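Predicted model, so just to flag it, every value in this text is computed and none were measured. Residue numbering restarts at 1 for every chain, and letters A, B, ... go by the order of the sequence lines.
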Amino acid sequence: MSKISFIQGNIACAEGALAAGCRFFGGYPITPSTEIAEHMAMKLPKVKGTFIQMEDEIGSIAAVIGAAWTGVRAMTATSGPGLSLMMENIGYAVMTETPLVIVDIQRGGPSTGQPTMASQGDMFQCRFGSHGDYSIIALSPATVQEMYEMTAEAFNLADRFRVPVFLMADEIIGHMREKMTLPDTVPVMPVRERTERSTLPFKAEKDGVPGFTPFGKGHHVHVTGLTHDERGYPSTTNPDVHERLVTRLVAKVESTRREIASYDVTNPEAETVFVSYGAPTRAVWQALHDLKDDTVGHFRLKMVWPFPDWVEELFPQAQAYIVPEMNLGLISRELERHVTIPVISVPRLGGALHEPEELIRAVEGAK
Amino acid sequence: MNFMDWYRADRLPTIFCVGCGNGTVINCALTAVSEVGWKREEVVFVSGIGCSSRAPGYIDADSLHTTHGRALAFATGIKLANPDLQLVVFTGDGDLAAIGGNHFIHACRRNVDMTVICMNNQIYGMTGGQGSPTTPRGALSTTTPYGAEEGTFDLTALSIAAGANFAARWTSYHVKELTNAIRAGLETPGFSFIEAAVQCPTGYGRRNRLREPEDMIEFFRTHSMLRQKYDRLLAEGKLVPPDTIVVGEFVRRDRPVLGGKK
């Protein structure tokens with residue numbers, strides 16, 4: 001029996017992770033994400049899982065990667081300053097194809113900024129923050145229900161692609177309490193593990209992803225952040241090996257962007273289209289409700305990365321896109337790369353959500 | 001099993017310079033692992049970045065070659081997620097004591113059940129001979145061209161102060177003693193720290209009048225002093241030369257362990 005609950009977004013995130021079978025959490029206290037760590041500290045020991053508070057966020061993500069290599073579902077949760085510290089090891093997770101989930105409850109930056117106020121300032125950092133070329137997946141919840149469901153789904157995506165998957169929430173969604181339905185179970189996709197020892201543990205299958213070879217099962221796998229061949233052995237001066245590896249790491253995610261895309265389309269015949277993700281989505285919903293205007297549509301991203309670059313197919317009559325974001329215009333910049341009509345950025349800094357009236361005025365201005 | 005049975009034959013020879021001491025330490029470690037009878041399937045070798053950290057890549061078992069300084073944090077995650085796995089970490093003075101210093105003291109404090117072998121060559125070898133936190137005062141390196149001015153870390157003392165259950169120091173000259181110390185570390189529950197002074201003729205020796213590998217090994221032979229003798233001399237108020245390498249087992253104790261078998 002599913003049950004109706006009234007809980008905080010961060011708690012819903014932790015519960016979603018537990019439902020998905022997450023059994024390892026490594027973290028470091030940081031506002032506004034700490035409730036996730038606290039809830040995991042309380043709950044994980046009761047399901048034979050492991051919680052550890054590391055000495056910093058660098059150690060947290062390192063411990064999570066180590067745990068993931070034993071074959072358990074593992075995660076961390078942090079906010080902007082912590083995410084900055086994690087960057088090197090996020091690149092390591094990409095290079096070693098380690099499945100894991102990183103929750104970022106975004107707060108105002110740069111630097112220590114506004115610890116208790118919301119922002120969406122990390123949307124490029126999660127995608128491009130580590131050095132080198134790579135690709136990741138990022139989800140963006142707008143409700144407490146989605147904090148639960150998307151966290152659970154993040155583990156499936158991480159396992160399928162063997163990449164870090166980000167839940168890019170923010171202080172508003174993380175600290176908000178609202179009604180949600182706790183389902184009995186969440187869909188848990190089985191991990192594609194190699195059953196026998198292979199001399200080529202990093203040889204990809206058809207979808208570009210190698211079968212997983214967790215430690216302790218006789219795979220004798222060597223895992224390194226150095227450029228490596230299909231044996232997993234370092235091969236750092238052969239240009240072809242590097243190009244082949246990095247191209248595959250990017251393509252295994254990017255080539256599926258249409259299949260894994262997740263978004264809502266409202267009024268596809270609209271002339272003016274809101275594009276939103278995360279908390280500002282809620283202001284857009286109110287604005288649409290108040291406007292009662294079929295010529296105004298809404299493209300709501302639930303998965304921000306990889307970016308659904310076929311937006312124009314979805315809104316063929318669109319004349320302008322309006323992008324409210326809690327930053328100075330990050331995803332609006334990405335959208336501009338993919339469309340031929342004007343993109344109007346409606347930035348918001350400081351932590352307060354956009355007012356619906358402000359968005360209605362933006363529609364009037366666009367017409 | 002012999003230590004040679006643990007090597008990935010298709011990865012040899014190693015990238016280590018002629019005369020490097022790291023191979024000796026790896027041989028000692030693999031001999032110790034063989035002696036305690038661990039199977040390949042139950043042991044994971046972990047490392048950070050640097051010459052020492054290339055070791056796991058030559059060992060035919062599960063191995064994780066991680067980022068600079070972070071090996072102990074990765075190893076902590078592995079051990080806590082699956083306490084049935086045995087953890088051996090290879091690291092160096094730069095990896096462990098400089099960029100990884102914080103993870104080092106916290107892994108000791110937690111007393112995580114793992115054995116950490118630090119190949120202390122007193123220099124950054126992989127990047128061409130820069131000064132490290134264990135480069136002796138006055139020694140020349142590419143970043144201390146007028147002689148190192150900073151004080152050094154006593155890594156073994158640091159591990160003891162931070163809470164390790166086992167700590168020992170030997171050199172690449174003391175093959176048998178080093179092997180026995182690593183074995184004792186493997187057998188002691190909790191955090192076991194073995195510091196192995198190794199020669200780096202390329203990065204350290206040739207700038208510090210120890211050009212040939214045998215010069216540094218001879219230095220280890222003539223400058224090592226058992227801790228019992230060292231303690232006695234100190235107690236008698238006698239002077240001990242500052243370049244003395246105090247060797248032996250320094251602690252073996254039973255503090256509560258994190259990550260022991262469930």
Side-chain angles (χ1 to χ4, degrees), chain A residues 23-26 28 44 48-74 76 86-93 95-96 98 100 130 197 199 201 213-226 228 231-234 236, chain B residues 6 8 10-11 15 39-49 53-87 89 99-110 112 114 162 258-259 262:
Chain A
R23 291 297 177 267
F24 187 94
F25 185 101
Y28 188 83
L44 272 173
K48 293 193 166 67
T50 304
F51 169 88
I52 185 160
Q53 181 174 319
M54 292 298 287
E55 49 273 19
D56 56 29
E57 286 89 347
I58 304 172
S60 301
I61 185 80
V64 167
I65 294 169
W69 271 97
T70 70
V72 302
R73 285 188 153 183
T76 187
M86 290 181 186
M87 279 302 149
E88 187 194 8
N89 283 338
I90 288 171
Y92 181 83
M95 196 61 150
T96 56
T98 307
L100 56 92
S130 198
R197 185 181 177 195
T199 53
T213 51
F215 291 162
K217 297 196 173 174
H219 292 295
H220 303 199
V221 62
H222 181 56
V223 181
T224 177
L226 288 169
H228 47 273
R231 296 173 299 176
Y233 293 174
T236 57
Chain B
W6 284 85
R8 291 180 190 269
D10 57 347
R11 286 275 287 136
I15 63 160
K39 296 184 186 68
R40 291 178 206 277
E41 285 67 36
E42 60 181 344
V43 50
V44 182
F45 295 88
V46 183
S47 65
I49 293 293
S53 294
R54 287 303 189 102
Y58 300 115
I59 301 173
D60 190 16
D62 291 330
S63 50
L64 192 68
H65 178 219
T66 71
T67 48
H68 199 19
R70 319 299 171 198
L72 295 178
F74 281 89
T76 298
I78 297 170
K79 186 65 188 177
L80 296 188
N82 185 353
D84 290 334
L85 294 173
Q86 304 288 0
L87 269 290
V89 179
I99 191 167
N102 200 31
H103 304 302
F104 179 36
I105 56 174
H106 284 278
C108 292
R109 173 181 66 83
R110 293 188 182 103
V112 189
M114 58 176 71
L258 193 67
K262 274 183 182 168

Which one of A:Gly66, A:Pro234, A:Ala63, A:Ala62 has the most heavy-atom pairs closer than 4.5 Å to chain B?
-> A:Ala62
Which atom pair, heavy atoms only, marks the closest approach of B:Ala71 to B:Ser47?
-> CB-C, 3.4 Å
Picking from B:Leu64, B:Leu72, B:Ile59, B:Asn82, which has the most non-hydrogen pairs under 4.5 angstrom with chain A?
-> B:Leu64
Over all atoms of both residues, closest heavy-atom pair of B:Lys79 and B:Leu85 | NZ-O, 2.7 Å
Do you know which of A:Gly232, A:Gly216, A:Pro201, A:Gly218 has the most heavy-atom pairs under 4.5 Å to chain B?
-> A:Gly216
Go through the atoms of A:Arg23 and report whether side chain, backbone, both or neither lie under 4.5 Å from a heavy atom of chain B.
-> neither
Check whether any side-chain N or O of A:Thr76 sits under 3.5 Å from a backbone N or O of A:Ser60 as a donor-acceptor pair, and report yes or no.
-> no
Select, from B:His103, B:Arg54, B:Glu41, B:His68, the one with the greatest count of heavy-atom pairs under 4.5 Å involving chain A.
-> B:His103
Check each atom of B:Leu258 against the heavy atoms of chain A and say whether the ones under 4.5 Å are side chain, backbone, both or neither.
-> side chain
Taking every non-hydrogen atom, the tightest pair across B:Arg11 and A:Tyr233 = CD-CD1, 3.3 Å
Identify which of A:Ile65, A:Asn89, A:Ile61 forms the greatest number of heavy-atom pairs closer than 4.5 Å to chain B.
-> A:Asn89
Any chance you could lay out the side chain to side chain contact (heavy atoms under 4.5 Å, CB included) test for A:His222 and A:His228, step after step, and finish with the verdict?
-> CA-CA 10 Å; A:His222 181 56; A:His228 47 273; over 6 Å; no
Most contacts with chain A, counted as non-hydrogen pairs under 4.5 angstrom, among B:Arg109, B:Lys39, B:Arg110, B:Arg40 = B:Arg110
Where do A:Thr224 and A:Leu226 come nearest, in terms of heavy atoms and distance?
-> OG1-N, 3.0 Å
Could you check B:Arg70 against A:Tyr92 for side chain to side chain contact (heavy atoms under 4.5 Å, CB included), going step by step and ending with a plain yes or no?
-> CA-CA 11 Å; B:Arg70 319 299 171 198; A:Tyr92 181 83; over 6 Å; no
Bottom line for A:Val72: the part with an atom under 4.5 Å from chain B's heavy atoms is side chain
Under 4.5 Å to a heavy atom of chain B? For A:Phe215 that would be both
